[in-house]
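Below is one structure, written out as C-alpha cells; the observations come after it.
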Amino acid sequence: MFNKKTIKDIEVTGKKVLVRVDFNVPIKDGIVSDDTRIRAALPTIRYLIDHNAAVILCSHLGRPKGGSEAKFSLKPVAEYLATLVEFPIHFAEDCIGDAATQAAGALQKGEVLVLENTRFHVEEEKNDPEMAQKLAALADVYVNDAFGSAHRAHASTEGVTHFLPSVAGFLMEKEIQYLGQAIDDPKQPFVAILGGAKIGDKIGVIKNLLTKAETILIGGGMANTFFAAQGYPLGSSLVDNDSIEVARELLQSAGARLRLPVDVVIAQKIEPGAETRSMDMGPIPDGWSILDIGPATVEGYAKVIATAGTIVWNGPMGVFEVPEFAQGTLGIAKAVAGSNAVSVIGGGESVAAIQQSGLADKITHISTGGGASLEMLEGLELPGVAALQDK
Ligand code: ADP
Ligand code: MG
C-alpha cells in the first residue's frame, strides 16, 4: 500500500540526515501549548539517533511575512524538544546560510540540530531551487516526516528531494497507511462523517467519498448549504452561497447515501449561556442560526456508525467550542469511539473536538495533518510524498 522507501530501507548510520518535521505547533508566551506534533515526530528522531545519525530538523511555524519574526521562532520548540529526549539538541538561528552550515558541520553523531523556521525565507513557499539546494547541502540524506505539510510543494518539502536521496519517516508512513487504507481499501461498510464550517473547501472531498463510501453523514455548517439547496429559509445560519448549486447537484447524484440532519439546535447568539431551541428541520426563524445537529440526528447517525467497518470523520457537527452547541459533536464522538470500526479522524478542529471529548484513545488513528488529510480524502496525490523514492 505505502510504496515509498522509509528510513528503514536506507543506510543512515554515520550520516547527516535532514528531516522535515511538522513542528508547526501553537506557542503561547514563548511556551509550546500543544506538543502533539512534536511527540509524533519522536519515533523517527529516536530511530535515527539510535542508528548513530546526526539529525538536522527543519520545519515551518505559523505564517511569517517572509522575514524573521520572533514570535514565529522555532527556538522554544527546540528547547521543548530538549525536555523530551536525553540526547543533545542544538539550535541554528537560520535554516540556510553561514549559521546553518557551521552548526550542521559541527554536528556530531547522536546529536540533533533544529534549524530556524524555513518560512523566514520567502523562497520556501516559492519552492525555490536555490534554497532547496542550500538546505540539501547541509546533509547526506533527506527524510520527510511532515505529513501536515506534505500537500505543499515547498523548498523544504519537495524542492530538496531533487538534490538528495529522499525517503519517508515513520509518521509520514503511518498517516498515509491509515488514511490511504481507509480510502482505497476500506473494510465495508465505509461511512464518512463530514462537517465543519464551510462546504466550499470540501466539495472535492464529498465528490471523491461518494465514489467510495456507502453513506456520508453530513453535519456542521456544511449541512446548511444543502438545506439552502433544498430551499429552506435559514435565518442567520452560515451558508456558503457560492456552493448552493453544486450542493443541489450532489444531493441529486448521491440520493439516500448522503444524509442530512433531521433536527437541529438553533440560537440567536453564538456564546455561552445563549438561549437555544431544538427543532425538527424546517424553516429557521429570522435572526436564528443552526449551530448544532439535534438529538434525533445523533441517534440516527449513531445507528449507521454502529454498523460501519471503516469510519472517516472530518469536521465538527456544530460549534463545539461553545458548550451549548457541543452535544452533537460529542454524541457522534461517543458513537465513533464505541464502534468496532477502523476509525480515522482528520482536521484541525475535528481533532481538537475529539481531544476535548476525552475519547481520543478510542480512535484508531488521529491525523496530525488538517489540509493534508483533506487532500488525501479528496483523492489527490501529495507532492511531498510523490517526490520520495519508490520502494
Ligand atoms: P476541520 O478543522 O476539522 O477541518 P473546519 O475548519 O471545516 O473543520 O470547521 C470547524 C469549525 O466549524 C468549528 O470551529 C465550528 O465552530 C464550526 N462550525 C461547525 N458547525 C457550525 C455551524 N452550524 N455554524 C457555524 N460554524 C460551525
Ligand atoms: Mg479548521
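In each ligand, atom 1 is the first atom listed, and ligand 1 is the first ligand listed.
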Intermediate values then yes/no, side-chain hydrogen bond (donor to acceptor under 3.5 Å, both in side chains), Ser243 and Glu245: CA-CA 6 Å; Ser243 303; Glu245 197 46 50; over 6 Å; no

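Residues Phe325 and Ala274 come closest through the heavy atom pair CZ-CB, 4.5 Å.
For Asp240 (side chain) and Gly200 (main-chain N/O), a donor-acceptor pair under 3.5 Å exists by modelled atom type.
Classification of the Phe227-Tyr232 ring pair by plane angle, with boundaries at 30° and 60°, yields perpendicular.
If you look at ligand 1, the protein residues with a non-hydrogen atom under 4.0 Å away are Gly196, Ala197, Lys202, Gly220, Gly221, Leu238, Ile290, Leu291, Asn314, Gly315, Pro316, Gly318, Val319, Glu321, Gly347, Gly348, Glu349, Ser350.
Counting heavy-atom neighbours within 6.0 Å of Lys4 NZ, excluding the residue itself, gives a total above 12.
Checking each of Thr44, Asp145, Val141 against Ile7 for a side-chain contact (heavy atoms from CB on, under 4.5 Å) leaves exactly one that passes, namely Thr44.
Around the Mg ion (ligand 2), protein N, O or S atoms at less than 2.8 Å comprise Glu349 OE1.
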Sequence neighbours left out, cut at 3.5 Å: what donor-acceptor pairs do the side chains of residues 341-352 make with other protein atoms?
residue, atom, partner, partner atom, Å
Ser343, OG, Thr364, N, 3.0
Ser343, OG, Thr364, OG1, 3.3
Ser350, OG, Gly315, N, 2.5
Ser350, OG, Gly346, O, 3.4

Pair up each side-chain donor or acceptor in residues 183-191 with any protein partner under 3.5 Å, not counting sequence neighbours, and list the distances.
residue, atom, partner, partner atom, Å
Gln188, OE1, Phe190, N, 3.0

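Contact of the Tyr80 side chain with the Asp35 side chain is registered, since non-hydrogen atoms from C-beta on lie closer than 4.5 Å.
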